[in-house]
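Everything below concerns the one structure shown next.
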Amino acid sequence: LSLSFSLPFPPFSLSLSPSSLLPSLSPPLSRTPSISLFPLSLPPSPLPISSSLSPSPSLWGVGVRQREPGCRASRAERAEMRRVRRAGPMLLVLAAAAAAALFCSLWPELRRLMPGAEPGPQAAEHRSRELPEESDEQPEAFDERGYLAGKRWRRGEDPYRRHAFNQRESGRVPSTRTVQDTRHYQCSLQPWEGELPPTSIIITVHNEERAALLRTIRSLLNRTPAYLIHEIILVDDFSQDPADCQLLTALPKVKSLRNQQREGLIRSRVRGADAATAGILTFLDSHCEVNRDWLLPLLQRVAQDPSRVVSPVIDIINMDTFAYVAASPDLRGGFDWSLHFKWEPLSEEVRVARTDPIAPIRTPVIAGGLFVINKAWFNHLGSYDTEMEIWGGENFELSFRVWMCGGSLEILPCSRVGHVFRRKHPYLFPDGNANTYIRNTQRAVEVWMDDFKRFYYAARPSAKGQPYGDIQSRLKLKMDLKCKPFRWYLEHVYPELRIPDETDAAPGVIQQRQDCVETVGDRGSLTMALRPCLGSSNQVNQGNAGERG
């Protein structure tokens with residue numbers, strides 16, 4: 001057995017051969033079993049190692065020769081066997097050293113190929129040929145420890161009280177943590193080539209937990225080619241502490257705008273879009289973590305067709321443990337007649353027709369928190385309805401407008417972004433959560449759903465008679481854009497939404513003996529209760545008799 005390899009640290013060079021250690025080994029006998037080892041073919045490696053393995057019969061033959069019964073080994077043969085036994089441990093050590101050197105030389109390449117691994121130095125060097133990084137970045141002057149220390153969770157506090165997620169666990173997660181690459185394996189093989197345009201990333205912030213907000217920014221900077229981020233605009237929607245956003249401007253590409261009063265998500269996004277100077281707008285929430293190569297497929301689809309509005313697959317960041325969990329790529333956005341958003345699986349017909357697992361998915365509606373849109377197309381469509389308040393319903397209004405006025409909505413399986421989903425809002429609505437949502441969805445319904453709006457009011461009877469403001473400017477926009485009717489949307493975009501059969505329902509009284517179900521309370525907080533039926537006792541008895549008959 002002979003091993004030879006060289007290390008890239010001159011003047012060290014090592015060549016080992018058992019025959020050099022055991023020069024007096026005698027040639028094998030003719031009856032000695034033979035053992036053959038073949039040379040190894042090694043892949044290219046940054047550590048120059050040359051390896052050759054060749055049989056040394058004088059080593060392997062001694063001690064295993066077949067002898068005639070009763071024969072004893074000679075003194076020379078016994079001495080030779082002792083030298084072989086003494087050399088055995090040394091050979092094992094040398095073989096282990098060679099294997100360790102080989103493993104160390106191949107480790108960077110093996111690590112780069114592991115699923116979910118962050119790009120190492122060599123991977124970054126390889127990728128830099130495809131995605132050139134900007135070289136004019138200055139070292140950041142951001143004090144991360146000081147930024148996080150200002151708003152940490154304190155022992156004894158309810159970790160869910162401030163932000164409606166586990167602030168204690170959020171504070172334990174590093175700002176630069178590694179997350180699993182949750183894409184289909186074919187996504188990493190796609191050549192995202194061509195001149196992709198840079199984007200302005202707009203994030204609205206209102207009293208966000210600092211660790212979650214910082215992870216959002218860090219993930220953007222670490223997992224996005226620098227030349228594709230034109231700017232990151234934080235729109236501070238009148239947070240209690242202006243430093244939450246202002247201190248982050250020490251990070252590369254981060255800018256901050258602050259509202260002088262609470263405006264809400266919708267008007268804050270419009271302000272950020274007006275201030276953006278890139279031709280592509282990317283809207284994100286303030287508690288996200290983008291995944292590997294998340295932006296490239298989004299920009300590519302919008303660059304190919306500016307009327308597309310594209311969204312990533314939204315992975316789940318657990319609100320209790322902050323574990324990053326992969327979401328199913330076979331979902332799309334949907335809703336019911338009350339305009340309650342829901343994720344729904346692709347229909348059997350669509351799944352059968354999908355021969356490519358990473359092809360874009362047409363979706364009737366997007367969740368609204370994370371999407372990319374051409375800025376000129378966004379403004380042409382009328383941006384957002386700025387008469388909507390705080391949060392809620394804007395995703396339906398935008399989705400209807402995009403589809404009915406000449407665009408399309410897609411979810412791209414090769415783009416993944418994690419998002420913290422909470423069970424409730426951590427902030428207050430001036431008119432109450434339910435009233436604000438009803439007002440906003442009413443505006444969308446009255447402008448875009450035509451005669452089908454009656455099904456919305458049937459599903460949300462508490463919305464009847466509620467004020468929703470002036471919608472004349474939005475109706476004029478719909479006319480100027482020559483948008484299609486809502487019936488076209490139901491037939492071509494969302495035929496799965498079943499139109500209710502109005503004969504399935506009829507007005508009447510729900511009665512139990514002498515009591516009837518009635519609504520009680522004011523318009524803002526209606527509840528159902530059993531009360532004595534209105535009218536004479538004869539009418540009640542006739543009704544009961546009719547039911548028995």
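Note that these values count all heavy atoms, side chains included, but never hydrogens, waters or copies made by symmetry. Everything numeric here is computed off the predicted structure, so don't read it as measured data.
Each of Phe341, Phe396, Phe455 was evaluated against Phe335; a single residue qualifies, Phe396, per the ring-ring contact (aromatic ring centres under 6.0 Å, His included) test.
The disulfide bond (SG atoms under 2.5 Å apart) pairs that include a residue from residues 343-444 are Cys187-Cys414, Cys405-Cys483, where partners are two or more places apart or lie in different chains.
Ion pairing of Lys453 with Glu446 is present here, as a side-chain N (NZ or NE/NH1/NH2) and a carboxylate O approach within less than 4.0 Å. The pair Arg269-Glu394 fails the salt-bridge criterion, with no side-chain N (NZ, NE, NH1 or NH2) lying under 4.0 Å from an Asp/Glu carboxylate O.
The shortest side-chain heavy-atom distance between Ser311 and Leu409 does not fall under the 4.5 Å cut-off. Side-chain atoms of Val179 and Arg223, non-hydrogen and from C-beta on, do get closer than 4.5 Å to each other.
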Exercise for review: Evaluate the criterion side-chain contact (heavy atoms from CB on, under 4.5 Å) for residue pair Asn440 and Asp385; output intermediate values, then yes/no.
Suggested key: CA-CA 9 Å; Asn440 289 352; Asp385 180 358; over 6 Å; no
Review point. Given Thr321 and Glu169, is the side-chain contact (heavy atoms from CB on, under 4.5 Å) satisfied, shown in steps?
Key: CA-CA 6 Å; Thr321 65; Glu169 289 301 318; 5.5 Å; no
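Arg210 forms a cation-pi arrangement with Tyr147, by the criterion of a distance under 6.0 Å to the ring centre and an angle within 45° of the ring axis.
Trp448 and Glu397 get closest at one heavy-atom pair: NE1-OE2, 3.3 Å. Considering every non-hydrogen atom in both Leu370 and Pro312, the closest pair reads O-CD, 3.6 Å.
With 3.5 Å as the limit, one finds a donor-acceptor pair spanning the side chains of Thr224 and Trp294. Between the side chains of Asp320 and Asn166, not a single donor N or O lies within less than 3.5 Å of an accepting N or O.
Residue Arg168 places its CZ atom among more than 12 non-hydrogen atoms of other residues, nucleotides or ligands, all under 6.0 Å distant.
Note: Tyr384 and Phe378 meet the aromatic proximity criterion, with ring centroids under 6.0 Å apart.
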